[in-house]
Each structure stands twice: as structure tokens, then as C-alpha cells.
Amino acid sequence: MSKTRSTSGDLTTSAKKRDFQHLGILALMMVFCSVFYYFGEIIDLTGWEGLRWSFFYSVHDVHRLLFLIPIIYAGYFLGYKATALVTIVAVGTCLPRALFISTFPDPLLRPVLFIIVASVLGYFAARVRDLSKKQHRSKVLLNNKIDRLSAILEGIGIGVLIIGPDYSIRFYNRNLIRDFGEVTKSHCYEYLHGLDAPCHPVCKLSDVINGAVERWEYVFPDGRTFEISASPHIDSDGVTCQLSVLRDITRYRKGDAEPAGPTN
Amino acid sequence: MGLEWILQLVLFGVLHWALAALLLQDLANRKQVVGKRKAPWAIAIMFVTFVGSLVYMLCHPRVFLEDDTDENNTER
């Protein structure tokens with residue numbers, strides 16, 4: 001338990017560190033964009049004649065577009081709130097030049113258009129982040145549940161096998177490997193029986209896929225007896241498969257004693 | 001005062017109050033602030049247009065980070 005807590009604490013610390021790195025990069029980008037946007041005025045103030053390029057005095061919309069980088073960055077790495085804040089700060093930085101210094105026409109319309117474009121782009125960047133975070137979260141949750149379920153099944157010593165309608169092995173657990181060896185073949189008839197074709201007399205795959213729940217005992221060529229329960233299972237891709245539970249009952253059959261049920 | 005001036009003022013006002021709303025919400029939810037008192041920050045955010053908000057953001061950079069409180073509660 002304490003190990004889990006410490007791991008979770010480490011993750012939180014590293015996430016915080018990463019967030020502050022993003023904030024630092026964002027701050028640097030904002031400073032750079034602001035200096036770039038007002039560079040013409042800075043040249044006027046400082047008298048750096050060597051840098052007096054006509055580009056810095058051209059229409060400001062081009063210079064303003066640079067602010068889209070921190071806006072999208074904030075949306076993608078920090079979320080909706082950050083992108084909203086950065087958009088407002090960017091517009092607040094641009095407005096004095098756009099409204100009071102610029103000699104170009106429509107000084108109000110162009111910043112308003114910029115706000116709309118920047119907000120939409122920032123929103124989409126934040127939405128992408130949100131969706132990928134949710135996807136990652138559900139993947140972690142699903143993996144945890146699969147691990148938990150596998151641990152339970154392994155604990156009670158039951159082999160689990162999911163077989164697709166084309167006889168392909170889609171899932172197996174460690175108990176199955178213990179009982180039948182490494183899964184080197186892709187089809188159940190090859191792996192379990194060493195055959196080249198489906199074992200039709202015993203196979204109940206088509207019945208199970210059509211909804212039947214079957215239970216039978218099968219004696220393998222090596223003399224081991226397994227109790228097999230098969231039921232339909234809809235796999236993650238929506239395909240109906242056969243979920244087989246295999247239980248070795250050889251020693252009970254040899255001694256003619258009834259096998260004990262799984263312990264709770 | 002021409003229409004353009006009024007529109008400029010409206011634009012400034014909308015931006016200022018949008019920023020102020022976001023920051024005041026953060027201020028209200030925050031347990032600790034620089035200087036330990038929230039009231040001066042609230043006044044600065046509301047009445048020192050943009051500059052007050054900028055200073056608040058610089059002093060409290062966590063305002064940019066979202067609360068992922070549900071992240072740790074997904075596993076039950």
C-alpha cells in the first residue's frame with residue numbers, strides 16, 4: 001500500500017514539474033511574441049537603425065499571428081482555462097498597438113477576427129488534449145480491471161481461453177500456458193489438439209457463438225481430463241467469440257471423486 | 001465620442017471582465033495567496049485593468065493549470 005502511495009506521489013510530483021516546465025515555455029513564448037510584435041516601436045525608442053526593416057512596420061496581423069503558437073500550446077498542454085487566459089493576455093498585449101499606433105484601416109475589426117480565430121484554435125487544441133487524456137485514463141482503467149480479473153482467475157487455477165469465430169486464439173491466461181505450454185499456434189485446434197483442421201466432432205464453437213452455453217469433459221491424448229465450460233462472449237471489437245474455461249479434473253476422475261468447486 | 005471609440009471601450013471591457021472573472025474565480029478557490037490577504041488581489045484584478053490581472057497571474061502561475069480532481073477518483 002505504501003509503495004502504491006509513493007508511486008502515486010512520484011507521478012504527481014513529475015506531473016507538477018512537467019506543468020511548470022510548460023508554464024515556463026509559455027511565458028518565454030509570450031515574451032518573445034510581445035517583443036516581436038512591438039519590435040518596430042522598440043527600434044524607434046532605442047534607435048537601432050541597423051534593425052529598421054520595413055517588415056516590422058507592415059500590417060500587424062502577420063505579427064499578431066505569432067501569438068497563435070502560445071495559444072495553441074496552452075490549449076494542448078494545459079487545457080481550456082490556460083488557452084482562454086493566454087488568448088485574453090495576447091489580445092490585451094496586441095490591442096494598444098492595433099488601436100492606438102497602427103495606421104492601417106479597420107483597427108478594431110482585425111483584432112476581433114483574431115480573437116475569434118485564436119479562441120477557436122485554442123478550444124480545439126484543448127479539446128484534443130481532453131480527449132486524449134480521457135482515452136488514456138480509460139485505457140489505464142481497463143488494463144487495471146483486466147489485470148485484476150486475470151489475477152483472480154490465476155489464483156483459482158482456471159485456464160481461460162477466448163476463441164474467435166475463425167478458431168483464432170484471442171486471449172489466454174497464464175494457467176493455460178501452465179497446462180498446455182506456450183501458445184505458439186494461432187488456432188485453438190492447432191494449439192490444444194495439434195491438428196491441422198478444426199476438430200468438428202467435439203467442437204462446439206458454432207453452437208456457442210449462436211448463444212448456447214455448453215459444458216463437457218474432454219480427455220486429451222496425454223490422458224488428462226479437463227472440464228470445459230464455454231459461453232458466448234462479445235470481444236472488445238464487438239465480435240461474438242467463445243469464452244472457454246478449462247479446469248483440470250484428472251486427479252478427481254482417477255480417484256472417481258467429485259471435484260471441489262472453486263473456493264470463494 | 002464616436003462609435004469606434006465606444007466599440008473599442010466595449011472590447012476592452014469585455015476582455016478585462018472576462019479575464020477578471022477567470023481570475024476572481026481562481027482567487028475565491030485558492031487557499032493561500034501571495035501576501036496572505038485576498039481582498040487587495042480582488043481590488044487589483046478588478047480595478048487595475050490588465051496590469052493587476054497580469055501581476056496576479058505572474059504571482060500565482062497555477063491559475064493556468066486545471067484541477068484534475070476527477071483523475072484520481074476514476075478507479076473505485
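A note on names: the letters A, B, ... follow the listed sequences, proteins ahead of strands, and every chain is numbered from 1. Everything numeric here is computed off the predicted structure, so don't read it as measured data.
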If you look at every heavy atom in Phe64(B) and Ala82(A), which pair is closest and at what distance? O-CB, 3.3 Å
Within a 6.0 Å radius of atom CZ on Phe32(A), are there more than 12 heavy atoms belonging to other residues, nucleotides or ligands? no
Check each atom of Leu19(B) against the heavy atoms of chain A and say whether the ones under 4.5 Å are side chain, backbone, both or neither. both
Residue list, salt bridge (charged side-chain N to carboxylate O under 4.0 Å, His left out) with Arg30(B), at least two apart or on another chain: Asp26(B)
Contacting moiety of Phe77(A), where chain B heavy atoms sit under 4.5 Å: neither
Calculate, to the nearest 0.5 Å, the distance between atoms CG and CD1 belonging to Leu11(B) and Ile115(A) respectively. 4.5 Å
Looking only at heavy atoms, which two atoms of Ala18(B) and Ile88(A) are closest? And how far apart? CB-CD1, 3.9 Å
Honestly, the part of Leu23(B) sitting under 4.5 Å from a heavy atom of chain A is side chain
Taking every heavy-atom pair that is under 4.5 Å apart, which of Val112(A), Leu78(A), Leu85(A) has the most such pairs with chain B? Leu85(A)
Hey, is NZ on Lys134(A) packed in by over 12 heavy atoms from elsewhere, all under 6.0 Å? no
Met57(B) CE to Met30(A) CE distance, which is reported to the nearest 0.5 Å: 8.5 Å
In terms of heavy-atom contacts, does CD1 of Ile234(A) have more than 12 from other residues, nucleotides or ligands at under 6.0 Å? no
Nearest 0.5 Å, what's the CG-CD distance between Leu95(A) and Gln8(B)? 8.5 Å
State which residues pass salt bridge (charged side-chain N to carboxylate O under 4.0 Å, His left out) with Arg178(A); sequence neighbours excluded, sorted by chain then number. none
